[in-house]
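What follows is a set of notes on a single structure, which appears directly below.
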Amino acid sequence: MDFGLTGEQRLLRDTLRDFVDDKIRPVAQEWEAAGRYPDEIAAGMAEMGLFGLTVPEEYGGMAADMVSLAIVFEEISRGWMGVAGIIGSHSLSCWMIARYGTDQQKAAYLPELAAGTRRTGIALTEPGAGSDLQGIQTVARRDGDDYVITGRKTWITNARHASPLPVLVKTDPAARPAHAGMSVLLVEAGTPGFEVVRDLPKLGYRGPETCELVLDEVRVPASALLGGAEGRGLQQVLAALETGRVNIAARAVGVAQEAYDQALRYAGQREAFGQKISGFQAVQLKLADMAIKLQSARLMTYWAAAKADAGQRNDLESGMAKVYASEVAQECAFTAMQVHGGYGYSREFTVERLYRDAPLMVIGEGTNDILRTVIARALTSGRGFTG
Ligand SMILES: Cc1cc2nc3c(=O)[nH]c(=O)nc-3n(C[C@H](O)[C@H](O)[C@H](O)COP(=O)(O)OP(=O)(O)OC[C@H]3O[C@@H](n4cnc5c(N)ncnc54)[C@H](O)[C@@H]3O)c2cc1C
């Protein structure tokens with residue numbers, strides 16, 4: 001068993017660390033507080049080819065392995081988790097278009113998506129349905145050579161930058177089971193009737209916009225149907241979400257690592273009762289627990305990613321990694337805040353932002369409770385293993 005990264009992966013990690021130190025850390029605190037969109041950082045990520053992480057090389061992408069993808073999301077999230085969101089749902093949808101798109105869809109979108117001159121996201125959640133995707137109400141009815149979409153989506157990250165935006169719809173609302181009537185349509189920005197109606201105010205995850213959308217009789221050509229066949233939409237997005245979970249787990253590892261680094265640094269500087277607080281056993285135990293859990297979360301994430309790279313099914317592993325790493329991130333962020341005492345509660349210290357960013361990883365791309373049910377199903381059906 002080899003726990004080491006390849007030379008290429010180490011180089012990628014070092015390059016990312018330099019990028020984060022030069023371009024993200026110096027501005028993260030101020031821009032996050034101001035709600036400023038990090039255009040310059042997005043441009044830097046485009047220059048590095050990061051918008052093409054999941055795009056095949058023949059379309060100009062990096063076709064990165066999943067371990068490399070995890071490295072990218074971990075390192076960026078150490079600097080500012082919100083920035084990782086800009087390439088998060090983008091990468092997921094690029095993967096989905098590359099995997100399921102028609103030749104025409106791939107040729108039309110992937111080269112520009114890889115370059116970052118086009119961006120994307122994913123529109124699944126609705127005001128009345130998130131975990132229960134088969135309960136969505138957005139409908140696309142066939143009208144000659146077009147589909148006409150009506151519905152509402154909410155919590156859609158990157159919505160103001162995305163074109164095309166893959167939208168999960170019901171092409172046959174009467175189908176039973178419901179997923180047999182679900183499809184993904186690629187909707188371009190500016191299509192009449194498609195409107196981003198508001199930006200949702202968020203606890204954290206500032207940087208990328210997260211929005212509510214209205215689709216009012218949006219007419220798209222039949223060629224916008226992902227893969228060219230109806231009834232495959234739920235399966236397409238669920239497969240894409242599997243890769244998304246490695247991304248979320250890696251973001252959580254990045255947040256946990258930064259929380260630990262900040263706590264260790266602060267404990268080595270702050271004095272109380274005539275000594276550095278790192279000399280108190282209570283603080284040492286906190287640091288040790290953070291380090292143990294953080295490293296466990298990282299290994300689980302790389303394990304899930306390595307399974308995907310080996311071409312093996314990894315829904316169980318990526319689900320386990322996402323659940324565990326997100327809860328470790330939340331715990332580490334709070335512990336780091338405690339180590340900082342009152343300063344940890346101040347907007348002037350990084351740990352306050354980490355504390356606000358961490359919970360998203362528990363909620364997004366399948367809540368941890370939903371994923372626990374998925375893991376339990378795999379275990380009780382005999383498909384999963386724990387050894
Ligand atoms: C900042 C942010 C960004 C987001 N970005 C996107 C995006 O880009 N695209 C997108 O489509 N969505 C996005 N989402 C939405 C996100 O994926 C959903 O919020 C998430 O899937 C949960 O859905 P919900 O909010 O409708 O909660 P619900 O599904 O209503 O769940 C509410 C609670 O009930 C529990 N629950 C529900 N069903 C079950 C069950 N069967 N068993 C046990 N417990 C259950 C859940 O675990 C949760 O605790 C984003 C959300 C946030 C907060």
Side-chain angles (χ1 to χ4, degrees), residues 32 35 37 73 77 80-96 119-138 149 151-170 178 182 184-187 189 196 198-215 226 233-234 236-245 247-249 251-252 255 319 322-323 326-327 329-330 353 355-377 380:
E32 200 263 355
Y37 193 86
F73 281 96
S77 299
W80 180 2
M81 199 281 285
V83 167
I86 295 172
I87 53 168
S89 52
H90 173 95
S91 302
L92 184 153
S93 284
C94 286
W95 182 92
M96 191 171 70
R119 309 251 288 266
T120 189
I122 184 113
L124 311 175
T125 307
E126 299 187 355
S131 306
D132 177 17
L133 285 178
Q134 296 196 62
I136 62 165
Q137 295 192 348
T138 298
I149 315 169
R152 217 176 173 95
K153 295 282 175 182
T154 194
W155 289 113
I156 309 309
T157 302
N158 297 326
R160 291 191 186 279
H161 288 81
S163 186
L165 180 67
V167 179
L168 185 66
V169 300
K170 285 194 171 164
M182 294 173 76
V184 171
L185 288 166
L186 305 174
V187 180
V196 178
R198 70 177 181 126
D199 289 53
L200 298 169
K202 298 179 283 191
L203 172 69
Y205 197 43
R206 304 215 180 116
E209 73 283 12
T210 302
C211 306
E212 191 164 333
L213 318 175
V214 170
L215 299 118
L226 183 67
L234 190 67
Q236 291 165 342
V237 301
L238 291 182
L241 285 171
E242 241 171 67
T243 70
R245 280 176 199 135
N247 143 8
I248 297 288
R251 288 194 219 181
V255 168
K322 189 274 193 186
V323 168
S326 60
E327 291 174 7
Q330 205 165 250
R353 168 163 50 84
Y355 183 77
R356 288 184 289 105
D357 278 349
L360 173 63
M361 273 82 72
V362 174
I363 298 167
E365 312 235 354
T367 68
N368 281 8
D369 284 344
I370 291 290
L371 288 182
R372 281 187 164 91
T373 66
V374 171
I375 292 164
R377 236 189 343 263
T380 54

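Order of appearance sets the numbers: ligands from 1, and atoms from 1 within every ligand. Just so you know, residue 1 is the first one in the sequence shown, and it goes up from there.
Scanning the protein for heavy atoms near atom 46 (C) of ligand 1, the closest one is Thr367 OG1, 3.7 Å. Protein heavy atom in closest approach to atom 41 (N) of ligand 1: Ile370 CD1, 3.8 Å. From the protein, the heavy atom lying nearest to atom 18 (C) of ligand 1 is Thr125 OG1, 4.1 Å. Looking from atom 49 (O) of ligand 1 to the surrounding protein, the closest heavy atom is Asp369 OD2, 4.4 Å. The protein heavy-atom contact nearest to atom 19 (O) of ligand 1 is Ile363 CG2, 4.0 Å. Scanning all protein heavy atoms for the shortest distance to atom 14 (N) of ligand 1 gives Trp155 O, 3.3 Å. Here the heavy atom of the protein found nearest to atom 9 (N) of ligand 1 is Ile122 O, 2.9 Å. Protein heavy atom in closest approach to atom 24 (P) of ligand 1: Gly130 CA, 3.9 Å.
Checked by atom type and distance alone, the side chain of Lys322 never pairs as donor or acceptor with a backbone atom of Ala252 at under 3.5 Å.
If you number the atoms of ligand 1 from 1 as listed, the ones under 4.0 Å from a heavy atom of Thr210 come out as 3 (C). Atoms of ligand 1 lying under 4.0 Å from at least one heavy atom of Tyr205, given by number and element, are 1 (C). Proximity to Ile156 (heavy-atom distance under 4.0 Å) selects the following atoms of ligand 1: 7 (C), 8 (O), 9 (N), 10 (C), 11 (O). Close approach of ligand 1 to Thr157 is summarised as follows: ligand atoms under 4.0 Å from at least one heavy atom of the residue are 3 (C), 4 (C), 5 (N), 6 (C), 7 (C), 8 (O).
In Gln134, the CD atom is crowded: over 12 heavy atoms of neighbouring residues, nucleotides or ligands sit closer than 6.0 Å.
Considering CG of Leu165 and SG of Cys211, their distance stands at 10.0 Å, rounded to 0.5 Å. Considering CZ of Arg152 and CD of Gln137, their distance stands at 12.0 Å, rounded to 0.5 Å.
Proximity of Lys153 to Leu168: side-chain heavy atoms (C-beta onward) are separated by under 4.5 Å at one or more points. Contact of the Ile149 side chain with the Val187 side chain is registered, since non-hydrogen atoms from C-beta on lie closer than 4.5 Å.
Pairs passing the salt bridge (Lys or Arg N to Asp or Glu O under 4.0 Å) check and including a residue from residues 364-376, sequence neighbours excluded, read Glu327-Arg372.
The part of Leu360 lying near ligand 1 is the side chain, judged by heavy-atom distances below 4.0 Å.
When each of Thr125, Asp199, Thr154 is tested with Glu212 by the rule side-chain contact (heavy atoms from CB on, under 4.5 Å), just one qualifies, namely Thr154.
Nearest to atom 29 (O) of ligand 1 by heavy atom, out of Ser131, Gly82, Pro166, Ala162, is Ser131.
One finds no salt bridge joining Asp357 and Arg251 here, because no Lys/Arg side-chain nitrogen approaches an Asp/Glu carboxylate oxygen to under 4.0 Å.
Under the 4.0 Å distance rule, the nearest protein heavy atom to atom 32 (C) of ligand 1 falls outside the cut-off. Within a 4.0 Å radius of atom 22 (C) of ligand 1, the protein has at least one heavy atom. Taking a distance limit of 4.0 Å, we find that atom 39 (C) of ligand 1 is approached by some protein heavy atom.
Applying the salt bridge (Lys or Arg N to Asp or Glu O under 4.0 Å) criterion to Arg377, with sequence neighbours excluded, gives no partner residue.
Thr157 and Thr210 form a side-chain donor-acceptor contact under 3.5 Å, judged by distance and modelled atom types alone.
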